[in-house]
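Report on the following structure.
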Amino acid sequence: MHPHSDELTLESWLVTAGRASEPGAPLNVPLVPASNFIIGGAREYSRDDGTPTWQALEELVGGLESGQAVAFASGMAAIAAVFDQMPAGSIVVLPDDCYQGVAGLAAAGEQRGRWAIQRIALDDTTGWIRACAQADLVWLESPSNPLLGVADLQAICAAPRRPGAIVAVDNTFATPLNQRPLDFGATVSLQSATKFIGGHSDLLAGVATTRDDPLWHALRKSRELAGATPGTLECFLAVRGARTMALRLQRAQNSAMVLAERLERHALVERVRYPGLPSHPTHATAKRVLKGFGTILSFDVLGGAATADAVCRNVRLVRHATSLGAVESTMERRAAIPGQEHLPPALLRLSVGIEDVGDLWRDLEGAMSVARPDAQRHPSK
Ligand SMILES: *Cc1c(COP(=O)(O)O)cnc(C)c1O
């Protein structure tokens, strides 16, 4: 018999979910490239009904969050499907710090008169609870990108809200292994499967998961009508990547803690933002809400944007690239991205991968000493 997600730890579920159980069936979900199927069965056209390969990914992610999942072409496609649920004239509440794609999507909708946006500081729990009473869409992202703020999801998701209102949590940074927003009472949890679920920087996919049956149907309908369907190869790769997600996350977040502590003591580093550090403004909330502090940290170097760019140019093991949640460590200066100029100019966002932590530290230290040889001579802070 096929095991059910409720009977297993999430670690075991990741390994076993989405597999067939009939004798003779392949152990792994097959890659089924199909637009249409012979009429009379469960599926006729894949944009409406999916493929067995998408279904395996949906089963896997749905089990991780104990909900029903809908897979999309990208994280943004999943997010857009949630925004698509908003009736004209809605009130949308967003955090002050959030993924630039979400901020852009919300701003574009506001410009067209579809909804009004209100922004709240991520750590202003009272403000969020107050906003829940009037908002149609409460959009949270925690930990946030790139300042790594942690929201008190427990308190916010339990706050009274308008009937029919949606509380959505972008759970990409935490993953369901560190935080399960639906357990706190969120309506829908979003994953960019491009990141930790895929884990190898070789696909784009997104998943929305909910325990609200009408919303699940509505999200599927949005996908069908907008055509934001996931690729079959991408779903296959995402399932394959997810098999090792628990191992990857655990190892990388152990390394992230070590690197955060060492960076905090480095002479060239002005500030480290990592929810696992006692110096982080939302550390107390993070300890309560998150099972683990994640694999992403940001640090500001002394010497401004020029020094930060020099650090990026001089890393060798860490790759100078955007995105996060993959086996390889990546780093970039976020304020260099068009539209992100409001961020601290020397902030480097580092996504820690599964390389040896000693090698990673030597690489970062080396790149910093090339960028600013004089900083080495300062006494340790
Ligand atoms: C990457 C990312 C997204 C968007 O996902 P895509 O798969 O790139 O569309 C949304 N939210 C967060 C927090 C992300 O990191």
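Order of listing sets the numbers, starting from 1, for every ligand and every atom in it. The first residue in the sequence is number 1, and the count goes up from there. Worth knowing before you read on, the calculation uses all heavy atoms, side chains too, and leaves out hydrogens, waters and symmetry mates. Everything quoted here is computed from the prediction, not taken from an experiment.
- Against a heavy-atom cut-off of under 4.0 Å, Ile79 is close to the following atoms of ligand 1: 10 (C).
- Of the protein's non-hydrogen atoms, the one nearest atom 5 (O) of ligand 1 is Ser192 OG, 3.0 Å.
- Short contacts between ligand 1 and Thr194, defined as distances under 4.0 Å to a heavy atom of the residue, involve ligand atoms 6 (P), 7 (O).
- Ring geometry, His283 versus Phe293: the interplanar angle falls from 30° to 60°, so the pair is classed tilted.
- For ligand 1, the polar-atom distance check against Val102 finds no nitrogen or oxygen pair separated by under 3.5 Å.
- Protein heavy atom nearest atom 8 (O) of ligand 1, with residue, atom name and distance: Tyr99 OH, 3.9 Å.
- Under a 4.0 Å N-O distance rule, the pair Asp300/Arg273 qualifies as a salt bridge.
- Met76 N, 2.8 Å is the protein heavy atom nearest to atom 9 (O) of ligand 1.
- Between Arg288 atom CZ and Gln154 atom CD the span is 6.0 Å, to the nearest 0.5 Å.
- Remark: the Thr285 side chain and the Thr282 side chain contain no N/O donor-acceptor pair separated by less than 3.5 Å.
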Original post:
What do the steps show when you test Glu224 against Thr229 for side-chain contact (heavy atoms from CB on, under 4.5 Å), and what is the final call?
Top reply: CA-CA 7 Å; Glu224 175 189 322; Thr229 53; over 6 Å; no
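- Looking at atom 11 (N) of ligand 1, its nearest protein heavy atom turns out to be Asp170 OD2, 2.6 Å.
- There is a side-chain donor-acceptor pair under 3.5 Å between Arg180 and Ser66.
- Scanning all protein heavy atoms for the shortest distance to atom 2 (C) of ligand 1 gives Lys195 NZ, 2.5 Å.
- To the nearest 0.5 Å, atom CG of residue Asp213 and atom NE2 of residue His217 are 4.0 Å apart.
- Interface of Ala205 with ligand 1, defined as ligand atoms under 4.0 Å from a residue heavy atom, comprises 7 (O).
- Polar contact check, Phe173 against ligand 1: no nitrogen or oxygen pair lies under 3.5 Å apart.
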